[in-house]
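From a predicted model like this one, the values you see are computed outputs, not experimental measurements. Residue numbering restarts at 1 for every chain, and letters A, B, ... go by the order of the sequence lines.
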Amino acid sequence: MLQTFPGGKHIHGFKDFSKDKQIVSLPLPSQVIIPLSQHTGKNSQLIVKQGDKVKTGQKIGESTGFISSCIHSSISGTVSKIAEYNHPVIGRCQSVVVDSDGNDELDSSIKSRQNVESLSNDKLREIVKETGIVGLGGAAFPTHVKLSPPKQIDTLIINGVECEPYLTCDFRLMLEKTKDILRGVLILKKILQTEAVYIGIEEDKPEAIRAMRNKIVQMKLPITVVPLKAKYPQGAEKQLIKAIVDREVPAGKLPLDVGVVVSNVGTVLAVYEAIYDGKPLYERVVTVTGKIVKEPANLRVRVGTKFSELIAYCGGTTQVPAKIIMGGPMMGLAQCSEDVPVIKGTSGILIFSEDELEKKNEQPCIRCGRCIDVCPMNMLPYALSICGENERFERASKYTPFDCMECGACTYVCPAQRRIVEYIRLIKAVLK
Amino acid sequence: MSKIAGINLKVSSSPHIHSGETTTKIMWTVFFCLLPSGFMSIYIFGLSTLWIILSAILGAVATEWCCCTVQKKALTVSDGSAVLTGLLVAYNVPPQSPLWLAFLGSFVAILFGKIVFGGLGFNIFNPALIGRVFLMASFPVLMTRWPAPLNVDAVTAPTPLAIFKDGFSQNNMLSAGEMINFSYRDLFLGFRGGCIGEACVLALILGAAFLIYKKYISWHTPLSYITTVAVFAWVFAGEGFFNGDFLMHILSGGLIMGAFYMATDYVTGPITKKGQLIFGIGCGIITGIIRLWGGYPEGVSYSILIMNAATPLIDRFVVPKRFGNM
């Protein structure tokens with residue numbers, strides 16, 4: 001029996017479009033739009049002004065509190081404008097527009113380090129903070145905060161699950177950057193001083209499991225690869241912890257409350273590059289995929305590149321796009337324009353044609369109980385959806401709406417095609 | 001929708017994909033899984049059975065159509081639930097009963113069992129059973145006139161349960177097999193008196209097995225229901241204790257149809273698996289009490305309706321333990 005968590009639902013992966021496509025670098029964009037909010041927490045504070053010359057990797061936004069992060073220029077050139085611009089998550093955001101000089105000249109602060117072993121943990125944390133690393137799995141939580149737990153951690157879990165359908169960027173990284181990821185894991189292990197280290201990967205990615213295991217044996221590392229049942233949302237932090245070490249994070253608490261830190265494979269790689277190469281987080285791998293994308297791809301992209309450029313690089317689409325989603329189909333955000341920049345949390349760009357859109361014909365709940373069976377948090381989604389529909393928000397608070405992580409499993413299985421997650425979001429917004 | 005660069009992009013809340021499962025698909029699947037039992041009944045009780053089934057379905061669909069039209073609501077006829085209710089009403093009347101009986105039963109089932117509560121999803125009681133108990137109360141003679149199987153001319157042949165009950169109450173202690181003159185095999189295949197749908201246990205179980213395989217129904221309600229009736233019958237139905245003919249109680253009457261197709265109704269049963277176990281046990285106990293000591297030979301429909309009434313209470317107290325709530 002493979003390890004897993006209670007609830008959840010197997011969802012067809014749709015990963016074949018891009019899973020065999022090697023990561024390639026997108027040609028340097030002529031202009032980037034870098035929003036000052038790309039992470040959970042406070043916005044970064046602007047430290048450049050219009051007309052300034054900037055270099056690749058130069059800091060342009062300073063972290064403004066404990067839960068905040070730095071932001072760097074992703075190309076070299078001139079700051080042509082500082083203005084509000086489209087943002088894939090929050091709609092509009094103060095952004096720095098940099099026009100490329102075409103040279104991609106690295107900032108002088110970026111140097112590779114030889115003496116990594118001799119660096120203190122505080123210094124390592126400092127580097128992670130200064131290089132602007134945030135969780136690349138989606139939530140973009142500042143990584144240096146995760147690496148400064150207020151109490152002792154005993155387990156480090158590396159998230160290589162990638163349970164969202166369509167997305168393959170983490171899968172490709174595990175195949176192509178196996179060694180660097182493992183060296184990144186060792187850095188995290190050193191900072192957190194944990195004994196146990198696990199890498200969780202779903203069983204439907206046997207190549208990744210094999211690659212990781214082989215490299216671990218070769219490098220003689222004290223790391224265990226745990227194959228997990230392919231089931232959505234296996235990659236959700238709390239569900240991953242439950243599956244691997246059978247601990248339940250109490251409602252409203254964090255993984256560190258049960259002695260665990262979880263980090264995504266992409267984030268671990270970014271930590272490796274920051275420590276060894278001194279490289280700030282100014283680029284990431286983005287999966288561009290969908291049935292109508294001519295050449296689906298896994299692209300290494302500079303932060304701030306417009307979606308339209310990635311789509312154009314993939315040859316465009318065979319049909320008119322009807323929906324463009326940042327992230328996967330289960331938790332991703334539908335965009336109202338192609339004219340939005342890639343940010344640190346952009347794991348994928350998924351394009352649907354008109355035929356692929358779910359045609360929702362919402363009906364009353366027939367109380368079939370499927371939502372309860374799949375809810376990974378063991379909630380009563382049907383009850384919340386009825387409360388939301390009837391705007392009975394006080395009553396809804398009884399059903400603990402804030403436990404919901406909006407994974408969408410309930411809405412995916414609902415035969416009455418109810419917009420359960422949407423109702424829960426409404427309830428949360430009202431009760432907040 | 002936003003219009004930028006000449007394309008219309010649709011913006012909506014995640015998730016952006018759906019399993020493709022729909023209420024309509026579920027209703028029609030249950031409908032088709034019930035059909036083999038109907039075919040067996042047509043074979044056993046004659047072609048008139050077919051007309052009864054069609055009349056009941058017509059009654060249900062016509063009532064739903066009229067109500068939707070009068071209420072100016074979107075037509076819900078095609079979602080299959082009215083057709084399914086009609087079929088279940090037909091399965092709950094005796095073969096060779098007049099056509100208007102089934103039609104009237106369906107009319108009551110849809111109007112007073114479903115529409116008055118607000119339509120599908122809002123009803124408290126199983127609509128088909130509302131139809132049945134209405135007919136039982138209003139036309140007790142018509143509802144208990146059973147033609148003999150494979151012999152359309154014999155007008156009345158009491159149901160096994162009725163024979164068993166009468167025999168039992170007269171303290172005429174013959175062995176169950178002798179007394180009712182039905183073999184378990186006959187009961188299993190459907191060669192006995194009874195309502196249209198409940199005759200052929202084999203056909204009902206085949207359909208139910210498919211529904212369980214497709215996860216359209218779960219085993220919790222039927223298994224706990226049938227097991228409870230069996231245990232109850234084994235303990236109390238015989239001479240003294242612990243020698244009742246439980247197999248006869250499982251195979252006869254409407255238990256199999258009720259347990260697999262009516263107690264499992266999503267809308268009127270508990271929503272959690274644990275609640276469904278309680279529901280099944282409750283149905284089993286009430287069925288046993290009615291069958292052995294009540295005024296009717298059969299108690300399946302009343303037991304389900306009574307437990308339907310208890311469903312909100314069960315759902316209120318039986319909730320899953322939330323993740324991270326130790």
**Q** How about NZ on A:K428, more than 12 heavy atoms from neighbouring residues, nucleotides or ligands closer than 6.0 Å, or not?
**A**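 Result for NZ/A:K428: enclosed.
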**Q** Indicate yes or no: does B:D315 engage A:R367 in a salt bridge with an N to O separation below 4.0 Å.
**A**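 Salt bridge between B:D315 and A:R367, a charged N being under 4.0 Å from a carboxylate O: yes.
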**Q** Most heavy-atom pairs under 4.5 angstrom with chain A, which of B:A74, B:P15, B:G20?
**A**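 Answer, by heavy-atom pair count under 4.5 Å with chain A: B:P15.
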**Q** Determine the option with the most heavy-atom pairs under 4.5 angstrom with chain B, choosing from A:L380, A:V421, A:I325.
**A**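 Counting heavy-atom pairs under 4.5 Å, the top option is A:I325.
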**Q** Select, from B:T22, B:I26, B:V319, B:I17, the one with the greatest count of heavy-atom pairs under 4.5 Å involving chain A.
**A**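 Looking at each of B:T22, B:I26, B:V319, B:I17 in turn, B:I17 comes out on top.
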**Q** If you count the non-hydrogen atoms of other residues, nucleotides and ligands that lie under 6.0 Å from NZ in A:K398, is the total more than 12?
**A**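 Atom NZ in A:K398 is packed in, count exceeds 12.
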**Q** Top residue by heavy-atom pair count (under 4.5 Å) with chain B, among A:G369, A:G332, A:A416?
**A**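 Top option by heavy-atom pairs under 4.5 Å: A:G332.
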**Q** Find the distance between CG (A:D373) and NZ (B:K273) and round it off to the nearest 0.5 Å.
**A**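 Between atom CG of A:D373 and atom NZ of B:K273 there are 3.5 Å.
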**Q** Does any donor atom in the side chain of A:R419 or B:S13 lie under 3.5 Å from an acceptor atom in the other side chain?
**A**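 B:S13 and A:R419 do not have a side-chain donor-acceptor pair below 3.5 Å.
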**Q** Please rank A:R425, A:K238, A:Q335 by heavy-atom pairs under 4.5 Å with chain B and give me the top one.
**A**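 Most heavy-atom pairs within the cutoff with chain B belong to A:R425.
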**Q** Distance from B:N325 atom CG to A:N378 atom CG, nearest 0.5 Å?
**A**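 Atom-to-atom, B:N325:CG and A:N378:CG are 10.0 Å apart.
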**Q** Using non-hydrogen atoms and a 4.5 Å limit, figure out which bit of A:F352 sits close to chain B: side chain, backbone, both or neither.
**A**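 Only the side chain of A:F352 comes within 4.5 Å of chain B.
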**Q** Please classify the contact of A:P165 with chain B as side chain, backbone, both or neither, using a heavy-atom distance under 4.5 Å.
**A**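 Side chain only.
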**Q** Does any N or O in the side chain of B:S14 come within less than 3.5 Å of the main-chain N or O of A:L333, such that one atom is a donor and the other an acceptor?
**A**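 Between the backbone of A:L333 and the side chain of B:S14 there is no qualifying donor-acceptor contact (under 3.5 Å).
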**Q** How far does CD1 of B:I271 sit from SG of A:C365, to the nearest 0.5 angstrom?
**A**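 The CD1 atom of B:I271 sits 5.5 Å away from the SG atom of A:C365.
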**Q** Could you tell me which portion of A:I11 (side chain, backbone, both or neither) has an atom closer than 4.5 angstrom to a non-hydrogen atom of chain B?
**A**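 Answer is side chain: those atoms of A:I11 sit under 4.5 Å from chain B.
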**Q** Select one option (side chain, backbone, both, neither) describing which atoms of A:I420 are under 4.5 Å from chain B's heavy atoms.
**A**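 Neither part; nothing is under 4.5 Å.
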**Q** Which one, A:A251, A:G408, A:A322, leads in non-hydrogen pairs under 4.5 Å with chain B?
**A**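 The answer is A:A322.
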**Q** What I'd like to find out is whether the side chain of A:C336 reaches to under 4.5 Å of the side chain of B:L9, using heavy atoms alone.
**A**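 A:C336 does not reach B:L9 side chain to side chain.
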**Q** One pair to check against side-chain hydrogen bond (donor to acceptor under 3.5 Å, both in side chains): A:R370 and B:Y266. What are the steps and the verdict?
**A** CA-CA 10 Å; A:R370 282 171 174 76; B:Y266 291 150; 3.2 Å; yes
**Q** Assess, by modelled atom type and distance only, whether the side chains of A:K323 and B:S12 contain a donor and an acceptor separated by less than 3.5 Å.
**A**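 Yes, B:S12 and A:K323 have a side-chain donor paired with an acceptor closer than 3.5 Å.
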**Q** Identify the heavy atoms of A:P364 and B:F122 that sit nearest to each other, and give their distance.
**A**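 Taking A:P364 first and B:F122 second, the nearest heavy atoms are CB-CE1, 3.7 Å.
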**Q** Quick check: are there more than 12 heavy atoms from other residues, nucleotides or ligands sitting under 6.0 Å from CZ of A:R92?
**A**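 Enclosed: over 12 neighbouring heavy atoms sit under 6.0 Å from CZ of A:R92.
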**Q** As an exercise, state the distance from OG1 of B:T268 to CD1 of A:I366, rounded to the nearest 0.5 Å.
**A**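 Here the interatomic distance stands at 11.5 Å.
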**Q** Under 4.0 Å between a side-chain nitrogen and a carboxylate oxygen: does that hold for A:E248 and B:K321?
**A**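 Yes.
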**Q** Rounded to the nearest 0.5 Å, how far does NZ of A:K242 lie from CZ of B:F323?
**A**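 Here the interatomic distance stands at 6.0 Å.
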**Q** So does A:M331 get a backbone contact from the side chain of B:H16, meaning a donor-acceptor N/O pair under 3.5 Å?
**A**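 No.
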**Q** Report yes if the side chains of A:Q363 and B:T76 come closer than 4.5 Å at any heavy-atom pair, otherwise no.
**A**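 In short, these two side chains do not touch, never coming nearer than 4.5 Å.
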**Q** So which residue, A:V413, A:N361, A:T400, ends up with the most heavy-atom pairs under 4.5 Å with chain B?
**A**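 Heavy-atom pairs under 4.5 Å are most numerous for A:T400.
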**Q** Can you tell me how far apart CD (B:E21) and SG (A:C414) are? Round to the nearest 0.5 Å.
**A**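 One gets 10.5 Å once the value is rounded to the nearest 0.5 Å.
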